[in-house]
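Index from 1, following the sequence. The analysis underlying the following values was restricted to heavy atoms, covering all of them including side chains, and did not include hydrogens, waters or symmetry mates.
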Amino acid sequence: FQGVTEDSSATEETPVEETTNPVSEETDGTEPTVTEEAEPTNSASLTDALGIAGLNFAFKNSVEMSYYSMGGYYDITPQSGNDFLVITFDVTNTTDSDIVVDIPSTGIKFKASAGGASNTADNTILLNDLSVFSGTVEAGTTEELVLLFQFKPENLSDLSSLKLQMMQGDTTTNIEF
């Protein structure tokens, strides 16, 4: 996958501005801890960041849920004391050919920040989980894909400051909604 991202090994002619941002890392999946981490970042739409020719990723919504149900036959619940932040995208194949997608082979990870905390996306067995999506988007169709993150409910009371990042190797891209 090729995205519109800066490589951290930029030459002197194209300096990369480094910022130090507080970033949370999961320790046991329930309690994030804040650490200082410097990484080059840039911004792009998810469509541009993923760079999959012929696919358009449109932000649909973000909601807090105490559980997530796929098709009414598979329910996932977060760890005790957490709720899910579910970010939904409509993925449209704008071509007349099927497009095969294999996110796990790219090493891409997603991180959301809300209410002063940050967590990486859960990797689930859901067929519509963007973080582990491996399948075909048929020509001219739209699929709904989700990212699920676990947060304490108090961190999800106001999603107006929600931030999403995509990380691949040494490159971090701030995803624009």
Side-chain angles (χ1 to χ4, degrees), residues 3-6 8 16-50 56-72 74-91 103-104 106-133 143-177:
V4 181
T5 58
E6 288 184 26
S8 65
V16 176
E17 182 179 320
E18 291 191 8
T19 58
T20 302
N21 300 320
V23 177
S24 295
E25 294 176 356
E26 295 180 69
T27 53
D28 63 2
T30 59
E31 295 291 331
T33 57
V34 176
T35 59
E36 293 293 321
E37 186 175 290
E39 327 182 313
T41 60
N42 63 331
S43 297
S45 68
L46 187 57
T47 299
D48 291 340
L50 288 171
N56 181 52
F57 292 79
F59 171 75
K60 187 173 183 178
N61 62 30
S62 58
V63 295
E64 176 183 3
M65 303 178 102
S66 57
Y67 70 94
Y68 182 79
S69 180
M70 182 178 143
Y74 190 78
D75 291 342
I76 296 178
T77 55
Q79 293 180 1
S80 179
N82 288 345
D83 279 348
F84 280 128
L85 166 63
V86 180
I87 302 176
T88 306
F89 294 91
D90 282 334
V91 182
I103 297 293
T106 66
I108 290 172
K109 302 288 181 202
F110 294 95
K111 179 171 56 175
S113 299
S118 296
N119 279 320
T120 55
D122 283 2
N123 291 329
T124 72
I125 61 170
L126 296 172
L127 298 176
N128 67 333
D129 182 345
L130 175 59
S131 64
V132 294
F133 184 74
E143 305 251 349
E144 185 178 275
L145 298 179
V146 297
L147 290 169
L148 277 73
F149 302 88
Q150 292 192 42
F151 284 93
K152 300 290 181 197
E154 58 267 19
N155 296 117
L156 300 176
S157 61
D158 179 13
L159 295 179
S160 65
S161 63
L162 173 65
K163 295 189 185 332
L164 179 65
Q165 292 183 316
M166 184 183 93
M167 297 157 298
Q168 186 175 26
D170 292 336
T171 303
T172 298
T173 302
N174 294 319
I175 302 301
E176 300 167 348
F177 291 113

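Contacts of Asp129 classified as side chain to side chain donor-acceptor pair (under 3.5 Å), with partners at least two apart in sequence or in another chain: Thr124, Ser131. Partners of Ser157 under the side chain to side chain donor-acceptor pair (under 3.5 Å) rule, at least two apart in sequence or in another chain, do not exist in this structure. By the salt bridge (Lys or Arg N to Asp or Glu O under 4.0 Å) test, Glu176 is found to be paired with no residue, residues two or more places apart in sequence or in another chain being considered.
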* Worked check of side-chain hydrogen bond (donor to acceptor under 3.5 Å, both in side chains) between Ser69 and Asp75 -> CA-CA 4 Å; Ser69 180; Asp75 291 342; 2.8 Å; yes
* Asked: Run the side chain to side chain contact (heavy atoms under 4.5 Å, CB included) check on Leu164 and Phe149 step by step: do they pass?
  -> CA-CA 11 Å; Leu164 179 65; Phe149 302 88; 3.8 Å; yes
* To do: Determine, step by step, whether Tyr68 and Leu126 satisfy the side chain to side chain contact (heavy atoms under 4.5 Å, CB included) criterion, reporting the C-alpha distance in whole Å, the side-chain angles of both residues, the deciding distance to 0.1 Å, and the verdict.
  => CA-CA 10 Å; Tyr68 182 79; Leu126 296 172; 3.6 Å; yes
* To do: Run the numbers on Leu130 and Phe57 for side chain to side chain contact (heavy atoms under 4.5 Å, CB included), then give the verdict.
  => CA-CA 11 Å; Leu130 175 59; Phe57 292 79; 4.0 Å; yes
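Between Asp158 and Ser160 the shortest heavy-atom distance is OD1-OG, 2.8 Å. Ser118 and Ser113 make their closest contact through OG-OG, 2.6 Å (heavy atoms, listed as atom of the first residue, atom of the second, distance).
Inter-residue side-chain proximity for Ile125 and Tyr74 is flagged as met; some heavy-atom pair is nearer than 4.5 Å. Residues Asn123 and Lys109 have side chains in contact (heavy-atom distance under 4.5 Å, counting atoms from C-beta outward). Contact check for Thr172 versus Met166: no side-chain heavy atoms found under the 4.5 Å cut-off. At a threshold of 4.5 Å between non-hydrogen side-chain atoms, the residues Asn155 and Leu85 do not count as touching.
Note that CG of Asn82 is 10.5 Å distant from CD of Glu64, once rounded to the nearest 0.5 Å. We find the CD1-CG distance between Ile87 and Leu145 to be 13.0 Å, quoted to the nearest 0.5 Å. To the nearest 0.5 angstrom, Phe110 atom CZ is 6.0 Å from Ile103 atom CD1. Considering CZ of Phe133 and CG of Asn128, their distance stands at 9.0 Å, rounded to 0.5 Å. With rounding to the nearest 0.5 Å, the separation of CG in Leu148 from CZ in Phe84 is 5.0 Å. With rounding to the nearest 0.5 angstrom, the OG atom of Ser62 is 5.0 Å from the CG atom of Leu159.
When atom types are taken as modelled, the side chain of Asn174 and the backbone of Ser43 share no donor-acceptor pair closer than 3.5 angstrom. Looking at Gln150, its side chain never comes within 3.5 Å of a backbone N or O of Asp122 through a donor-acceptor pair.
Taking the six-membered ring for Trp and the full ring otherwise, the centers of Phe177 and Phe59 sit less than 6.0 Å from each other.
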